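For reference, the structure discussed in these notes is given below.
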Protein chains: 4
Amino acid sequence: MDSDHFVHINTGSSEPIYRQLVEQVKRRVAAGQLRAGDEIPSVRDLAQSLAVHPMTISKAYSLLESEGVLERRRGLSMVVAAQHQRAQSAADRVELLRPTLHQAAAEARQLQLTKIQALNLFKTILDESAP
Amino acid sequence: MDSDHFVHINTGSSEPIYRQLVEQVKRRVAAGQLRAGDEIPSVRDLAQSLAVHPMTISKAYSLLESEGVLERRRGLSMVVAAQHQRAQSAADRVELLRPTLHQAAAEARQLQLTKIQALNLFKTILDESAP
Amino acid sequence: MDSDHFVHINTGSSEPIYRQLVEQVKRRVAAGQLRAGDEIPSVRDLAQSLAVHPMTISKAYSLLESEGVLERRRGLSMVVAAQHQRAQSAADRVELLRPTLHQAAAEARQLQLTKIQALNLFKTILDESAP
Amino acid sequence: MDSDHFVHINTGSSEPIYRQLVEQVKRRVAAGQLRAGDEIPSVRDLAQSLAVHPMTISKAYSLLESEGVLERRRGLSMVVAAQHQRAQSAADRVELLRPTLHQAAAEARQLQLTKIQALNLFKTILDESAP
DNA sequence: GTGGTCTAGACCACA
DNA sequence: GTGGTCTAGACCACC
């Protein structure tokens, strides 16, 4: 597995690096970009390509294993777990977006914005990121 | 000022309590629900009604003071600062929603959702929270 | 919480230290020696009293939290989680012993020992450890 | 020697595969199921029937050789060593079970189980595995 | 005071 | 080659 482009991290974010990795891998598995049995980059490779300490990568991988997303193969690279083999349906993937949008809706309400205003901003941002 | 209903905190969230307080107060000031000169609950009252350590409230208030949102009056309750008296324009308030929606857009892209799917979910959530 | 006598570790064992901690805490919670809301020793205190690196303790505590045995209280000591408040019944606790005895039974069979021989040895060992 | 049924491995266990092999062979020799001069499966055959890396088998065999349990014959299969020809006495074999039961006794004590409870469970499990 | 994150680097176990 | 464990120690965030 190519360790470049596997995930992106933002070292400036307050979100810990290991958690950024966990969330991105989970989304990519849900989206079907990573399939059951796919090898993921080794701890050392990914650590080097992200310029991060190997233990940070290892921590993320361990968490993903404990959540059943990855499987450990002794002495070998880790792979995407079988029970996550099927990419989730669009309906399921949409649900994974709910928490963040729920937060956005709460903020919009506190800002006393209309639904139209909030939706228009979201549409604008979506167009910016993938015009 | 009634210390109940002033703000809501979610102790389960990973968002620090003091930051939840700061953000909510700023949004309510921006929305014009809190106006210049309005008294806010005392540290002690709010700490009690939220079941939170007073120092946590104090830290939030101090941050809000250093940002010019609140003003300290010796021996009296803090009040919303004068320079924040006017509610911000709708255009300004919309901008405050941008960071969260930007995050949502990034997640939607990693989940390989279409713009339509993402927008529909947001619309649904907005309808749920204020039908 | 007294950090001495909280748990014992065997640095010579091949069992990792953090896992020894996890298993012992889980057994003590099951046995009712640790009850819901009980504070556990701080990471630093326990690390010092066991002469172990704090991160090793922290790793064990994090695992116990992710399994729902402990609860994190921001800025404060961790406590035994509420959903583990009730000591488990004797029947439940007995079940926790099953895996190890299952392993022992498999070994006894491969050694072609009779049930009597295996049971007598277990009885002897139990008498030794708590005469 | 039939490479099926020679040993069983549990890839899910935390016990390393090579050690599972070593312990099982030692127990079967002690029990007299494998006698001096008996041929054991070749590294290649056993690796294939267990779906394990040949080097793992080789490591186990080498360990057994260094402990004097197996003997290497140039160009031929390895055999059970002569000095291990006699099955060990029942008293000796019972001792090989001690470490696991010692561990079980320690767990029983931490679970605050009575000797009776622990013994009853062991008896039940022994009955299940060989009624 | 509390726990969390990260780095640097050693050493081990496994295949 | 793979991942795992542990130490030493810095720095941060929270209460």
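Predicted, not measured: the structure shown is a model, and the values here were computed from it. Every chain is numbered from 1, with letters handed out A, B, ... down the list of sequences.
The interatomic distance linking D/Q20 (CD) with E/dA15 (P) rounds to 9 Å, in whole Å. When the C1' atom of E/dT5 is taken as reference, atom CG of A/N10 falls 15 Å away, rounded to whole Å. For the pair C/I57 CD1 and F/dT5 P, the computed distance is 15 Å after rounding to whole Å. A straight line from CG of C/L21 to P of E/dG3 spans 14 Å, rounded to a whole angstrom. Rounded to a whole Å, the CD atom of C/E71 is 15 Å from the P atom of E/dG3. Between A/Q48 atom CD and E/dT7 atom P the separation is 14 Å, expressed in whole Å. In this entry the distance linking CG of A/L46 with P of F/dT2 reads 12 Å, nearest Å. Put simply, CE on A/M78 is 15 Å from P on E/dA15, counting in whole angstrom units.
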*Please assess B/L64 against B/K26 for the test side chain to side chain contact (heavy atoms under 4.5 Å, CB included), listing each intermediate value before the final yes or no.*
CA-CA 8 Å; B/L64 285 163; B/K26 285 163 76 172; 3.7 Å; yes
*asked:* Test side chain to side chain contact (heavy atoms under 4.5 Å, CB included) on A/L21 and A/L50; report intermediate values, then the result.
replied: CA-CA 11 Å; A/L21 295 178; A/L50 294 180; 4.0 Å; yes
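Using a 4.5 Å heavy-atom cutoff, the side chains of A/Y18 and A/V52 are not in contact. Within the 4.5 Å cutoff, side-chain heavy atoms of C/V79 are placed close to those of C/R73. Counting heavy atoms from C-beta on, the side chains of A/K59 and A/H53 never come closer than 4.5 Å.
Considering only side-chain N and O atoms, A/S42 lies under 4.0 angstrom from the phosphate OP1 or OP2 of F/dT2.
Each of C/P54 and A/E65 was assigned the nucleotide of DNA chain F with the nearest heavy atom; the assignment lying further toward the 5' end belongs to A/E65.
Note that CD of D/Q110 and CD of C/Q24 are 4.5 Å apart. Values are rounded to the nearest 0.5 Å. In this structure, the separation between CD on A/E67 and OG on C/S66 is 9.0 Å, given to the nearest 0.5 Å. A distance of 4.0 Å separates CG in D/L46 from CD1 in D/I57, rounded to the nearest 0.5 Å.
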*Indicate for each nucleotide in nucleotides 8-15 of chain F, in 5' to 3' sequence, whether protein heavy atoms under 4.0 Å reach the base (B), only the sugar-phosphate (S), or nothing (-).*
BB----BS
*Would you write out the dot-bracket form of DNA chain F, 5' to 3', with Watson-Crick and G-U pairs under 3.5 Å, [ ] for crossing pairs, | for pairs to other strands and . for unpaired bases?*
||||||||||||||.
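If you check the side chains of B/E107 and A/T100, you find a donor sitting under 3.5 Å from an acceptor.
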